[in-house]
Amino acid sequence: MVPPLRLWLAVFLLVVLVAGGPSAAQESGDDPVVLRVNGAEFHRSDLAAARDLLPQQYRDMPLELLYDPLIDQLINGKLILDRARAAKVEDDTAFLARLATVQEQLAREFYLRAEVEKASTDAALKALYDAH
């Protein structure tokens, strides 16, 4: 059974909050600001990135069909984040411990991804193929 879209959007919201919010994309003709919440700008690319975190059945849908629920989640996420920061949850020792764990996981992921990309060049793959 595939979880409902709202559940996946809630998961996305948590990812956005952990990742630090919307990207730093600049407003341009092809990546306009689609939402401003308490001073934070969300671009069309942020909506597309949110859609890309959803299960495949939703990723295949046109962004316009998911626009309203994604916008709702971005608004709710920003408002909750603002309240959390006002409550200084980022100073809590449990929060800081969890943040350190997430940073370690991201460091491992980024390192491994970079190493795989370096080893996956056409020349490197051909050399490996020729050797075997």
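- Taking each heavy atom of L96 and D91 in turn, the nearest pair found is CD1-O, 3.9 Å.
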**Message:** Run Q105 and T101 through side-chain contact (heavy atoms from CB on, under 4.5 Å) and show every step you take.
**Reply:** CA-CA 6 Å; Q105 291 171 337; T101 301; 4.1 Å; yes

**Prompt:** Can you list the steps and then say if L63 with L70 is a side-chain contact (heavy atoms from CB on, under 4.5 Å)?
**Reply:** CA-CA 9 Å; L63 184 58; L70 289 173; 3.9 Å; yes

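- With sequence neighbours excluded, no residue forms a side chain to side chain donor-acceptor pair (under 3.5 Å) with E117.
- Here R113 pairs with E109 under the salt bridge (charged side-chain N to carboxylate O under 4.0 Å, His left out) rule; sequence neighbours left out.
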Please tabulate, for side-chain N and O atoms in residues 121-131, each donor-acceptor pair with protein atoms closer than 3.5 Å (sequence neighbours left out).
from	atom 1	to	atom 2	distance (Å)
T121	OG1	A124	N	3.1
K126	NZ	D130	OD2	2.9

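- Once rounded to the nearest 0.5 Å, the distance linking CG of L47 with CG of D52 reads 11.0 Å.
- Judged as a salt bridge (charged side-chain N to carboxylate O under 4.0 Å, His left out), and not counting sequence neighbours, the contacts of E90 are R85.
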**Request:** Report the C-alpha separation of M61 and Y58 in whole Å, then their side-chain angles, then the decisive distance to 0.1 Å, and conclude whether the side-chain contact (heavy atoms from CB on, under 4.5 Å) test is met.
**Result:** CA-CA 5 Å; M61 296 173 70; Y58 299 113; 3.6 Å; yes

**Asked** Step by step, would you call L74 with V37 a side-chain contact (heavy atoms from CB on, under 4.5 Å)?
**Response** CA-CA 9 Å; L74 290 174; V37 182; over 6 Å; no

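- In plain terms, the two heavy atoms of S45 and D31 that are nearest each other are N-OD1, 2.7 Å.
- By the side chain to side chain donor-acceptor pair (under 3.5 Å) test, D82 is found to be paired with N38, K78, residues two or more places apart in sequence or in another chain being considered.
- Residues L81 and V89 fall into different hydrophobic clusters, defined by Ile, Leu, Val, Met, Phe, Trp and Tyr side chains chained together at heavy-atom separations under 4.5 Å.
- Across all their heavy atoms, E41 and D46 have their closest contact at O-OD2, 4.2 Å.
- A search for salt bridge (charged side-chain N to carboxylate O under 4.0 Å, His left out) contacts involving D92 returns nothing, not counting sequence neighbours.
- Residues in residues 59-68 take part in these salt bridge (Lys or Arg N to Asp or Glu O under 4.0 Å) pairs, two or more places apart or across chains: R44-E64.
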